[in-house]
Amino acid sequence: MEPAQQRRTSGFVVCVDNEGHELDLELRKVYEVIPDESLEPEDIRVIDESGEDYIYPAQYFSTTEAMGESADAKSVQSDIERQARGFIEEHKSLLNEGSTTVLGRVFVQGTNIFTSLNAEVIEASNHAVSTRNALADAIRNPTTPASRLQELEVEEARASDIYARRAATSQELSDFLERVRELLPEGGASEDY
Amino acid sequence: MAQFTIISEITNREVIASGRGIRDLDRLRAAYGEGNWRKCKGEATIELPSGKLRRAELHWYEAHGIGRRLMKRKKYLD
């Protein structure tokens, strides 16, 4: 069991064990750590493959120092972000040549992706605010070690980058869906969503 | 390695997502089978490997005829 003092409380870790959670965690994949003071010493909170944060055994993860602290925001781009960008790329030609039926389907599919992406934008926003508050508290506390301040600054910058990128992707998708909607006949797509 | 053992009845059970509202639906079906999957939450007392007891909010997926899968800890309540 990983000693409590070595357990990451922020930043990113690599999954080295996923026994019993093969759908939730992928081996050798990087996961974002969420601070949680209520955890046991042997616990860690990470955002898993479901897109939500859950408590796992800390020993399922290793710190990313071995990879270098260069696990930047791009390397933890979420599946939904990739899906949204891929969706726009794949369908943007339909704005010039798509039939109403196809555009209607695209609008419904895109809206579903947009809903999931928006949930991640909110999560990222909350996390960015949380890291900013943690940094502010640490700055105000004269006993905070310089190394801890640096760690929090890196985490806050990373969280802000992730939020900014996801918000930008969400806006791009929203703009794309608006253009699709304008091409649909009055009444828009017929399916409920 | 069992991460925790549920030692009380699960209370305050709620369905928090179902069908296409579940992000992992395709992976769930591929791993455990077709079914009317629902994502649920509830509260229970759990025993950790250290022997310590905690009150926790748990999340899991379930489908009729398949049962509960991927039980995990969302947060501690105590």
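Residue numbering restarts at 1 for every chain, and letters A, B, ... go by the order of the sequence lines.
- No chain of hydrophobic side-chain contacts below 4.5 Å, direct or via other Ile, Leu, Val, Met, Phe, Trp or Tyr residues, connects M71(B) to L25(B).
- The OH atom of Y61(B) lies 8.5 Å from the CG atom of L23(A); values are rounded to the nearest 0.5 Å.
- By the 6.0 Å contact criterion, CD on E9(B) is open, its count of non-hydrogen atoms from other residues, nucleotides or ligands being 12 or less.
- Taking CD1 from I55(A) and CG from L58(B), the interatomic distance works out to 9.5 Å, rounded to the nearest 0.5 Å.
- With hydrophobic clusters built from ILVMFWY side chains whose heavy atoms lie under 4.5 angstrom apart, I10(B) does not share a cluster with W37(B).
- Counting only heavy atoms from C-beta outward, the side chains of K39(B) and E52(A) approach each other to under 4.5 Å.
- At least one side-chain heavy atom of Y76(B) sits under 4.5 Å from a side-chain heavy atom of D43(A).
- Chain A forms the most heavy-atom pairs under 4.5 Å with one residue out of K72(B), H59(B), R69(B), and that residue is K72(B).
- Residue R179(A) places its CZ atom among 12 or fewer non-hydrogen atoms of other residues, nucleotides or ligands, all under 6.0 Å distant.
- With a 4.5 Å cut-off on non-hydrogen atoms, D48(A) touches chain B through its side chain but not through its backbone.
- Taking OG from S50(A) and CD1 from I22(B), the interatomic distance works out to 11.0 Å, rounded to the nearest 0.5 Å.
- Side chain of R45(A) to main chain of K74(B): a donor-acceptor pair is present (N/O by atom type, distance under 3.5 Å, no hydrogens or angles).
- Residues E42(A) and S50(B) are in side-chain contact: their nearest non-hydrogen atoms beyond the backbone lie under 4.5 Å apart.
- Atom CD of E40(A) and atom NZ of K52(B) lie 3.5 Å apart (nearest 0.5 Å).
- Note: the hydrophobic cluster containing I88(A) also contains F114(A) (ILVMFWY, side chain heavy atoms under 4.5 Å, direct or indirect links).
- For the options L28(B), L70(B), L48(B), heavy-atom pairs under 4.5 Å to chain A are most numerous at L70(B).
- Below 4.5 Å, heavy atoms of chain A meet heavy atoms from R20(B), all part of residues 14-21 of chain B.
- Looking at S116(A), there are no atoms closer than 4.5 Å to chain B (heavy atoms on both sides), in backbone or side chain.
- Taking CD of E49(A) as the start and CZ of R23(B) as the end, the distance is 8.0 Å to the nearest 0.5 Å.
- When hydrophobic clusters are built by joining Ile, Leu, Val, Met, Phe, Trp and Tyr residues whose side-chain heavy atoms come closer than 4.5 Å, directly or via intermediates, L27(A) is not grouped with L25(A).
- A donor-acceptor contact shorter than 3.5 Å is absent between the side chain of R73(B) and the backbone of Y54(A).
- When heavy atoms are compared at a cutoff of 4.5 Å, R54(B) approaches chain A solely by way of its side chain, counted from C-beta outward.
- In the hydrophobic clustering of this structure, V102(A) groups with F176(A); members are Ile, Leu, Val, Met, Phe, Trp, Tyr whose side-chain heavy atoms approach within less than 4.5 Å, directly or through other members.
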